Amino acid sequence: MTELQPARGTHDLIGEDQRRHHHVAETARRIAASYGFDEWITPIFEDTRVFSRTLGETSDVVMKEMYTFEDRGGDSVTLRPEGTAGVCRALVTNGLTQSLPQKVFYAGPMFRYERPQKGRYRQFHQIGIELIGPSEPLADAEAIACGWDILKALGVADDTVLEINTLGDKESHAAYRDALIAYFAAHQDKLSKDSLTRLERNPMRILDSKDEGDRSIVAGAPTIEPYLTEAAATFYAQVQAYLTGFGVPFRKNPRIVRGLDYYGHTAFEFVTSKLGAQGTVMAGGRYDGLVAEMGGPRTPAVGWAAGIERLGMLMDAAPPPPAPVVVVPIGEAAEAAALGVLQALRAAGIRAEMAYRGNLRRRMERANKIGARATVILGDDDIAAGVAQVKDLRTGTQDAVAFAEIAARLA
RNA sequence: GCGGGCGUAGCUCAAUCGGUAGAGCGCCAGGUUGUGGUCUUGGAUGUAGUGGGUUCGAAACCCAUCGCUCGCCCCA
């Protein structure tokens, strides 16, 4: 490969791509702020243990998907594969476990070493929120409502459905897990090869197998509800009641699972059918066990994360940048006067550009091409008279405006 | 990590059976050196992803490699 290319799974965000990206992040930031979330900016790389600790031993495979390397001092660091672990680490290292609740919003790049697919990259970007402290089911519903509002504001809510499930508390979860293993073990002969290995290392994952044959077996598998303790069942019912109270439509999906131990109770995903196999657009749940694994006191928390690229692909179009005003001097003498006009426009908050080169016709063409809404044409006669020709490129009308009034005229 | 499809101009894409590469758009310049959009005339651009092989001859066939894409695995 002689020509330089972006590294595999990375991409440049330019033009429309950048605008979509920015619009997703800004919209999320604004709406999260209205819910009382403050933005945290945590490091893009962390001590590898920040992630390995939370991922536990399920994950000799998972470790292979992280960007982990030794720095020059011999310490193992990892480019963050997700946002929650870093936020929990920051909560602990900043002593904020004494100041709960903390309502955190974040946005930024994440890194996973995997095979790129539609909406799935090695460097990608996520937005997310974490509501740390409350153990009440109202917090779960509020986090979800915030996510729903963001999807609505982005115009993607119509193509998206919220699916919720409960993972129960420890007791419920253990009982359900045993029941599932017993069920699938009884159907071992009909399970796919992949699911047989799942049965060994991560039986819950059989529930979202994509294999045709597995699906019919999964269809008959037990759901968690009969195994819920009374407390867990009540919690789940309350989450649903609050969601209804917030006006968030949802569908129960007993097949939603989470791989790691620190998850419990609520698990949810916003799903679209418009992105092929990568249909989950926002996912989250309650993780009361994570802060403790980070070395802090046991602290309840709930949150979600969403891929900016995926949301950007679902959006109709990003709002276009404001149309500029172009200042067009005719001749060298006029250029000096044009600089003053240009800066006056900018000072008034108007997006203004200078037409650098070519004859008048060329400069007008240029202005038109970049989508200018108006041009301010400055000739020697005009300058002598203290005016400029302000031409509206949409209507084609043009008239002389005194220097001092140009900015107000174009505001 | 595994499997399918694809890779030709800045972009979107053509080219019969293997005979030495084209269109549209865009770009640049002129028609019009004080007025854009429409019109019109002309112009530039390709290491055919890369490397190897078969052949008198390869964009086309074969192998490898890189990248993109769709799916699987995984999904914190």
Side-chain angles (χ1 to χ4, degrees), chain A residues 1-11 15 50-56 58-66 78 80-88 110-121 124 126 128 192-195 197-198 201-202 204-205 208-212 214 256-263 267 269 275-280 283-285 287 290 293 303-305 307 326 328-331 334 355 357-383 388-398:
Chain A
M1 173 177 31
T2 35
E3 209 169 321
L4 257 22
Q5 293 179 343
R8 177 163 217 201
T10 66
H11 56 155
V50 170
F51 305 110
S52 61
R53 194 178 283 185
T54 64
L55 292 171
T58 0
S59 52
D60 48 2
V61 184
V62 166
M63 289 296 287
K64 289 174 190 152
E65 305 222 335
M66 301 202 310
T78 295
R80 63 185 187 190
E82 52 102 17
T84 306
V87 166
C88 289
M110 307 291 168
F111 304 83
R112 297 182 187 181
Y113 191 87
E114 13 175 47
R115 186 93 181 230
Q117 267 180 59
K118 190 185 203 67
R120 184 175 186 174
Y121 306 97
F124 60 107
Q126 283 187 331
S192 69
K193 210 172 167 192
D194 283 331
S195 284
T197 63
R198 290 188 184 108
R201 64 168 68 174
N202 205 350
M204 310 286 290
R205 283 289 170 198
D208 52 24
S209 170
K210 285 167 186 160
D211 182 90
E212 284 283 331
D214 286 350
I256 292 178
V257 296
R258 289 289 116 95
L260 301 166
D261 292 342
Y262 53 75
Y263 285 108
E269 298 182 357
L275 285 179
Q278 308 304 315
T280 299
Y287 51 94
L290 182 54
E293 293 195 31
W304 53 254
V326 175
V328 182
I330 303 166
R357 40 179 276 219
N359 57 32
L360 178 58
R361 178 179 166 214
R362 184 64 61 213
R363 293 184 198 216
M364 292 297 288
E365 256 177 18
R366 204 87 224 165
N368 188 62
K369 183 168 301 176
I370 65 173
R373 53 190 245 248
T375 50
V376 177
I377 304 164
L378 288 152
D380 294 338
D381 298 350
D382 297 318
I383 293 168
Q389 299 297 325
V390 174
K391 179 166 187 174
D392 184 320
L393 292 190
R394 285 166 190 165
T395 62
T397 59
Q398 173 175 325

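What you are looking at is a predicted structure, and each value in this text was computed from that prediction instead of being measured. Here is the naming used below: chain letters follow the sequence lines, and residue numbers restart at 1 for every chain.
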Rounding to the closest angstrom, what is the interatomic distance between A58(B) and A48(B) at atom P?
12 Å

Going by atom type alone, with no hydrogens or angles, which donor-acceptor pairs under 3.5 Å involve a side-chain atom of residues 361-370 of chain A and a protein atom two or more places apart or on another chain?
unit_1	atom_1	unit_2	atom_2	d
Arg361(A)	NH2	Glu365(A)	OE2	3.1
Arg362(A)	NH1	Glu365(A)	OE1	2.3
Arg363(A)	NE	Gly358(A)	O	2.7
Arg363(A)	NH1	Ala355(A)	O	2.9
Arg363(A)	NH2	Tyr356(A)	O	3.4
Arg363(A)	NH2	Gly358(A)	O	3.3

For G43(B) and G24(B), measure between their P atoms and round to the nearest Å.
13 Å

Are Pro81(A) and Glu65(A) packed together at the side-chain level, in the sense that at least one heavy-atom pair is separated by less than 4.5 angstrom?
no

Between C66(B) and C75(B), how many Å separate the two P atoms, rounded to a whole number?
26 Å

Would you measure the distance from the P atom in U12(B) across to the matching atom in U69(B) and give it in whole Å?
13 Å

Which part of the nucleic acid does Arg8(A) contact within heavy-atom distance under 4.0 Å: base, sugar-phosphate only, or nothing?
sugar-phosphate

Provide, to the nearest angstrom, the distance between the CZ atom belonging to Arg120(A) and the P atom belonging to C75(B).
10 Å

Heavy-atom nearest pair, Ile256(A) first then Ala267(A), reads CG2-CB, 3.9 Å

Taking the same atom, C1', in G26(B) and in U32(B), what whole-Å distance lies between them?
23 Å

For Ser195(A) and Asp214(A), work out which heavy atoms get closest and say how close.
OG-OD2, 2.5 Å

Quick one: label Gly9(A) by what it contacts on the DNA or RNA (base, sugar-phosphate, nothing), any heavy atom closer than 4.0 Å.
sugar-phosphate

Look at the rings of Tyr263(A) and Tyr287(A) and say which category their plane angle falls in: under 30° parallel, 30 to 60° tilted, over 60° perpendicular.
perpendicular

Which is more 5' along RNA chain B, the nucleotide nearest Phe111(A) or the one nearest Thr10(A)? Just name the residue.
Thr10(A)

Just so I know, are the side chains of Ile377(A) and Gln398(A) near enough to count as touching, which here means a heavy-atom distance under 4.5 Å?
yes

For Ile370(A) and C27(B), what is the distance between atoms CD1 and C1' respectively, to the nearest whole Å?
16 Å

To the nearest Å, give me how far apart CD (Gln126(A)) and C1' (C75(B)) are.
11 Å

Pairwise side-chain contact, Arg258(A) with Leu260(A), heavy-atom cut-off 4.5 Å (strictly under)
no

May I ask you to test the Val257(A)-Asp208(A) pair for a side-chain heavy-atom distance under 4.5 Å?
yes

Letter per nucleotide, 5' to 3', of nucleotides 28-37 of chain B [B base touched, S only sugar-phosphate touched, - untouched; heavy atoms, 4.0 Å]:
SSSBB-BBBB

Phe51(A) and Glu82(A) have their tightest heavy-atom pair at CE2-O, 4.1 Å

Say you pick atom P in A59(B) and the same atom in G18(B); how far apart are they, in whole Å?
13 Å

Protein-nucleotide distance (Phe124(A), atom CZ; C75(B), atom P), rounded to Å:
14 Å

Those residues that, when tested against Arg120(A), pass salt bridge (charged side-chain N to carboxylate O under 4.0 Å, His left out) (two or more places apart):
Glu114(A)

According to salt bridge (charged side-chain N to carboxylate O under 4.0 Å, His left out), who are the partners of Asp392(A), at least two apart in sequence or on a separate chain?
none

Find the distance Met66(A):CE to C75(B):C1' and express it as a whole number of Å.
14 Å

Indicate, with a heavy-atom threshold strictly under 4.0 Å, whether Tyr287(A) touches base, sugar-phosphate, or nothing.
nothing

In whole Å, measure the gap between the P atoms of C62(B) and G19(B) for me.
16 Å

Quick one: do the Ser192(A) and Asp211(A) side chains pair a donor with an acceptor below 3.5 Å?
no

Could I get a table of every N or O pair under 3.5 Å where one atom is in the protein and the other is in nucleotides 1-11 of chain B?
unit_1	atom_1	unit_2	atom_2	d
C2(B)	N4	Arg115(A)	NH1	2.8

Only Watson-Crick and G-U wobble pairs, only distances under 3.5 Å, only runs of 3 or more: what stems does that leave for RNA chain B?
B:1-7 with B:66-72, B:10-13 with B:22-25, B:27-31 with B:39-43, B:49-53 with B:61-65

For Arg80(A), which contact category applies under a 4.0 Å heavy-atom criterion: base, sugar-phosphate, or nothing?
nothing

Which heavy atom of Asp382(A) sits nearest to which heavy atom of Ala388(A), and what is that distance?
CB-CA, 4.4 Å

Looking only at atom P, what distance separates G1(B) and C13(B), rounded to whole Å?
29 Å

